[in-house]
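Note sheet for the following structure.
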Amino acid sequence: AQSVAQPEDQVNVAEGNPLTVKCTYSVSGNPYLFWYVQYPNRGLQFLLKYITGDNLVKGSYGFEAEFNKSQTSFHLKKPSALVSDSALYFCAVRDLNQGGKLIFGQGTELSVKP
Amino acid sequence: EADIYQTPRYLVIGTGKKITLECSQTMGHDKMYWYQQDPGMELHLIHYSYGVNSTEKGDLSSESTVSRIRTEHFPLTLESARPSHTSQYLCASSEWDRISEQYFGPGTRLTVT
(Lines give C-alpha, C1' and ligand atoms only; values in the text may rest on other atoms or scores of the structure.)
Protein backbone atom coordinates (compact mmCIF):
# COMPACT_ATOMS: atom_id res chain seq x y z
CA ALA A 1 0.00 0.00 0.00
CA GLN A 2 1.14 3.51 -0.75
CA SER A 3 1.81 5.81 2.17
CA VAL A 4 3.37 9.10 3.11
CA ALA A 5 4.83 10.15 6.44
CA GLN A 6 5.61 13.57 7.81
CA PRO A 7 7.69 12.90 10.90
CA GLU A 8 7.33 16.36 12.44
CA ASP A 9 4.02 17.67 13.73
CA GLN A 10 5.47 21.15 14.03
CA VAL A 11 8.44 23.06 12.67
CA ASN A 12 9.53 26.39 14.14
CA VAL A 13 11.75 28.74 12.15
CA ALA A 14 12.89 32.32 12.54
CA GLU A 15 12.02 34.69 9.72
CA GLY A 16 14.81 34.87 7.18
CA ASN A 17 16.19 31.44 8.02
CA PRO A 18 15.93 28.48 5.68
CA LEU A 19 13.14 26.03 6.33
CA THR A 20 12.68 22.33 5.68
CA VAL A 21 9.51 20.30 6.08
CA LYS A 22 10.18 16.59 5.86
CA CYS A 23 8.30 13.92 3.97
CA THR A 24 9.05 10.27 3.28
CA TYR A 25 7.06 7.97 1.08
CA SER A 26 6.44 4.31 0.43
CA VAL A 27 5.08 3.35 -2.99
CA SER A 28 5.18 0.52 -5.45
CA GLY A 29 6.31 1.80 -8.80
CA ASN A 30 7.09 5.40 -9.69
CA PRO A 31 5.92 7.96 -7.15
CA TYR A 32 3.87 10.99 -8.09
CA LEU A 33 4.46 13.35 -5.17
CA PHE A 34 2.80 16.62 -4.23
CA TRP A 35 3.02 19.37 -1.63
CA TYR A 36 0.03 21.41 -0.54
CA VAL A 37 -0.39 24.26 1.93
CA GLN A 38 -3.46 25.00 4.03
CA TYR A 39 -4.12 28.32 5.70
CA PRO A 40 -6.66 28.54 8.55
CA ASN A 41 -10.24 27.94 7.43
CA ARG A 42 -9.17 27.47 3.84
CA GLY A 43 -8.85 24.63 1.38
CA LEU A 44 -5.56 23.17 0.21
CA GLN A 45 -3.41 25.10 -2.24
CA PHE A 46 -1.10 23.27 -4.59
CA LEU A 47 2.60 24.17 -4.20
CA LEU A 48 4.53 21.77 -6.41
CA LYS A 49 4.81 18.23 -7.69
CA TYR A 50 7.37 15.66 -8.72
CA ILE A 51 6.52 13.38 -11.60
CA THR A 52 9.83 12.59 -13.25
CA GLY A 53 13.07 14.26 -14.29
CA ASP A 54 15.04 16.78 -12.28
CA ASN A 55 15.17 15.89 -8.60
CA LEU A 56 14.85 19.53 -7.55
CA VAL A 57 11.37 20.82 -8.19
CA LYS A 58 10.49 24.50 -7.97
CA GLY A 59 7.02 25.64 -7.03
CA SER A 60 4.90 28.55 -5.89
CA TYR A 61 5.88 31.24 -3.38
CA GLY A 62 9.59 30.42 -3.55
CA PHE A 63 9.20 26.84 -2.33
CA GLU A 64 11.13 23.94 -3.76
CA ALA A 65 11.36 20.25 -2.99
CA GLU A 66 14.07 17.70 -3.40
CA PHE A 67 13.20 14.20 -4.52
CA ASN A 68 15.60 11.56 -3.21
CA LYS A 69 14.87 8.09 -4.48
CA SER A 70 17.43 6.27 -2.35
CA GLN A 71 16.09 7.82 0.84
CA THR A 72 12.47 7.76 -0.39
CA SER A 73 12.12 11.37 0.66
CA PHE A 74 10.55 14.50 -0.79
CA HIS A 75 11.42 17.33 1.58
CA LEU A 76 9.97 20.80 1.10
CA LYS A 77 12.41 23.69 1.36
CA LYS A 78 12.62 27.44 1.19
CA PRO A 79 15.86 29.46 1.43
CA SER A 80 14.39 32.31 3.48
CA ALA A 81 11.21 31.89 5.52
CA LEU A 82 8.52 34.56 5.81
CA VAL A 83 6.05 35.03 8.65
CA SER A 84 3.31 34.62 6.03
CA ASP A 85 4.57 31.08 5.33
CA SER A 86 3.11 30.00 8.67
CA ALA A 87 0.50 27.37 7.79
CA LEU A 88 -0.20 23.65 7.66
CA TYR A 89 1.75 21.73 5.02
CA PHE A 90 0.76 18.40 3.54
CA CYS A 91 2.82 15.99 1.52
CA ALA A 92 0.84 13.60 -0.68
CA VAL A 93 1.34 10.75 -3.11
CA ARG A 94 -1.04 9.96 -5.91
CA ASP A 95 -2.62 6.52 -5.75
CA LEU A 96 -3.25 5.07 -9.18
CA ASN A 97 -6.34 3.35 -7.84
CA GLN A 98 -9.56 4.94 -6.63
CA GLY A 99 -9.66 7.61 -9.27
CA GLY A 100 -6.12 8.75 -8.63
CA LYS A 101 -6.85 9.88 -5.11
CA LEU A 102 -4.23 11.63 -3.03
CA ILE A 103 -2.86 9.87 0.03
CA PHE A 104 -1.84 12.54 2.49
CA GLY A 105 0.68 12.70 5.26
CA GLN A 106 -0.40 13.78 8.70
CA GLY A 107 0.49 17.41 8.06
CA THR A 108 3.18 19.63 9.54
CA GLU A 109 2.41 22.93 11.22
CA LEU A 110 5.01 25.50 10.19
CA SER A 111 5.45 28.49 12.46
CA VAL A 112 7.69 31.34 11.35
CA LYS A 113 8.48 33.89 14.03
CA PRO A 114 9.66 37.45 13.34
CA GLU B 1 -6.85 30.72 -7.40
CA ALA B 2 -8.65 27.54 -8.44
CA ASP B 3 -12.19 27.82 -9.79
CA ILE B 4 -13.82 25.39 -7.42
CA TYR B 5 -16.52 26.50 -5.04
CA GLN B 6 -18.16 25.06 -1.97
CA THR B 7 -21.26 26.19 -0.13
CA PRO B 8 -22.01 26.70 2.62
CA ARG B 9 -18.63 27.53 4.16
CA TYR B 10 -19.93 26.95 7.67
CA LEU B 11 -22.97 25.01 8.83
CA VAL B 12 -24.32 24.24 12.28
CA ILE B 13 -27.20 21.82 12.25
CA GLY B 14 -29.13 19.61 14.64
CA THR B 15 -28.99 15.83 14.80
CA GLY B 16 -31.26 14.03 12.36
CA LYS B 17 -31.41 16.79 9.76
CA LYS B 18 -30.77 16.14 6.08
CA ILE B 19 -28.08 18.33 4.54
CA THR B 20 -26.44 18.78 1.17
CA LEU B 21 -22.97 20.23 0.74
CA GLU B 22 -22.51 21.84 -2.65
CA CYS B 23 -19.39 21.69 -4.80
CA SER B 24 -18.96 23.19 -8.25
CA GLN B 25 -15.99 23.63 -10.55
CA THR B 26 -15.69 25.63 -13.75
CA MET B 27 -12.55 23.98 -15.09
CA GLY B 28 -14.31 21.19 -16.98
CA HIS B 29 -12.54 18.52 -14.94
CA ASP B 30 -13.85 14.98 -15.22
CA LYS B 31 -12.55 13.74 -11.89
CA MET B 32 -13.95 15.03 -8.63
CA TYR B 33 -13.35 14.04 -5.03
CA TRP B 34 -14.67 14.55 -1.52
CA TYR B 35 -12.23 14.41 1.39
CA GLN B 36 -13.02 14.57 5.07
CA GLN B 37 -10.55 16.36 7.30
CA ASP B 38 -10.76 15.34 10.93
CA PRO B 39 -9.83 17.51 13.92
CA GLY B 40 -6.33 15.99 13.85
CA MET B 41 -6.12 17.47 10.35
CA GLU B 42 -5.64 14.18 8.49
CA LEU B 43 -7.49 13.94 5.20
CA HIS B 44 -9.35 10.87 4.02
CA LEU B 45 -11.13 10.20 0.74
CA ILE B 46 -14.84 9.53 1.18
CA HIS B 47 -16.18 9.70 -2.41
CA TYR B 48 -14.93 10.22 -5.94
CA SER B 49 -16.23 10.39 -9.47
CA TYR B 50 -14.69 9.75 -12.89
CA GLY B 51 -17.31 11.82 -14.66
CA VAL B 52 -21.03 12.21 -15.24
CA ASN B 53 -23.07 9.35 -13.74
CA SER B 54 -19.98 7.91 -12.05
CA THR B 55 -19.77 7.78 -8.24
CA GLU B 56 -17.55 5.61 -6.07
CA LYS B 57 -16.94 5.21 -2.35
CA GLY B 58 -13.52 6.03 -0.93
CA ASP B 59 -11.54 4.74 2.00
CA LEU B 60 -13.37 6.23 4.91
CA SER B 61 -16.69 4.68 5.80
CA SER B 62 -19.22 7.41 5.36
CA GLU B 63 -22.97 7.60 5.67
CA SER B 64 -23.06 10.25 2.99
CA THR B 65 -24.00 9.88 -0.66
CA VAL B 66 -22.96 11.82 -3.76
CA SER B 67 -24.32 12.39 -7.23
CA ARG B 68 -22.79 13.54 -10.51
CA ILE B 69 -25.48 14.60 -12.93
CA ARG B 70 -23.43 17.41 -14.45
CA THR B 71 -19.70 17.61 -14.99
CA GLU B 72 -19.33 20.75 -12.93
CA HIS B 73 -21.44 19.73 -9.93
CA PHE B 74 -20.69 17.10 -7.25
CA PRO B 75 -22.95 17.52 -4.20
CA LEU B 76 -22.61 15.47 -1.04
CA THR B 77 -25.71 14.58 1.00
CA LEU B 78 -26.12 13.41 4.56
CA GLU B 79 -29.59 11.92 5.02
CA SER B 80 -29.50 12.15 8.81
CA ALA B 81 -26.75 14.17 10.39
CA ARG B 82 -25.08 12.96 13.59
CA PRO B 83 -22.47 14.55 15.88
CA SER B 84 -19.89 12.09 14.49
CA HIS B 85 -20.27 13.86 11.13
CA THR B 86 -18.80 17.03 12.59
CA SER B 87 -15.77 17.70 10.40
CA GLN B 88 -14.32 19.76 7.59
CA TYR B 89 -15.34 18.58 4.11
CA LEU B 90 -13.11 19.40 1.15
CA CYS B 91 -14.08 19.01 -2.48
CA ALA B 92 -11.42 18.66 -5.19
CA SER B 93 -11.18 18.16 -8.93
CA SER B 94 -8.51 17.22 -11.41
CA GLU B 95 -7.91 16.53 -15.05
CA TRP B 96 -8.09 12.96 -16.25
CA ASP B 97 -4.37 12.14 -16.41
CA ARG B 98 -2.60 10.64 -13.42
CA ILE B 99 0.03 13.35 -13.07
CA SER B 100 -2.27 16.34 -12.73
CA GLU B 101 -2.64 18.03 -9.40
CA GLN B 102 -5.96 18.25 -7.64
CA TYR B 103 -7.55 21.63 -7.06
CA PHE B 104 -9.36 22.10 -3.78
CA GLY B 105 -12.33 24.18 -2.80
CA PRO B 106 -12.32 26.29 0.39
CA GLY B 107 -14.12 23.62 2.39
CA THR B 108 -17.31 23.34 4.43
CA ARG B 109 -16.97 23.20 8.17
CA LEU B 110 -19.92 21.19 9.48
CA THR B 111 -20.95 21.05 13.12
CA VAL B 112 -23.77 18.72 14.16
CA THR B 113 -25.20 19.41 17.59
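Below, each value reflects all heavy atoms present in this structure, side chains not excepted, and no hydrogens, waters or symmetry copies. A, B, ... follow the sequence lines: proteins, then strands. Residue 1 opens every chain.
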(message) Quick one, B/Thr77 with B/Thr20, criterion side-chain hydrogen bond (donor to acceptor under 3.5 Å, both in side chains). Give me CA distance, side-chain angles, the key distance, then yes/no.
(response) CA-CA 4 Å; B/Thr77 298; B/Thr20 296; 3.1 Å; yes

(request) Among the options B/Arg109, B/Glu101, B/Glu42, pick out the one with the most heavy-atom pairs lying under 4.5 Å from chain A. (result) B/Glu101

(request) For chain A, find which of B/Arg9, B/Met32, B/Gln37 contributes the most heavy-atom pairs closer than 4.5 angstrom. (result) B/Gln37

(request) Considering only heavy atoms and a distance below 4.5 Å, find which of A/Ile51, A/Leu88, A/Asp9 pairs most often with chain B. (result) A/Ile51

[X] versus chain B, the contacting section by heavy-atom distance below 4.5 Å:
X        : result
A/Lys101 : both
A/Leu96  : side chain
A/Glu109 : neither

(message) For a 4.5 angstrom cut-off between non-hydrogen side-chain atoms, does B/Leu78 reach B/Leu110?
(response) yes

Is [X] close to chain A through its backbone or its side chain, or both, or neither, when contacts mean heavy atoms under 4.5 Å?
X       : answer
B/Gln88 : side chain
B/Glu56 : neither
B/Ile99 : both
B/Ser49 : neither

(message) What I want to find out is whether A/Lys77 reaches A/Glu64 closely enough, with some N-O distance under 4.0 Å, to be called a salt bridge.
(response) no

(message) Can you tell me how far apart CZ (A/Phe63) and CG (A/Asp85) are? Round to the nearest 0.5 Å.
(response) 4.0 Å

(request) Show your working on side-chain hydrogen bond (donor to acceptor under 3.5 Å, both in side chains) between B/Glu22 and B/His73 and close with a plain yes or no. (result) CA-CA 8 Å; B/Glu22 302 288 349; B/His73 195 212; 2.5 Å; yes

(message) Between B/Gln25 (side chain only) and B/Gly28 (backbone N and O only), is there a donor and an acceptor less than 3.5 Å apart?
(response) yes

(message) Check whether B/Ser94 reaches the backbone of B/Ser100 with its side chain - one donor and one acceptor, N or O, closer than 3.5 Å.
(response) no

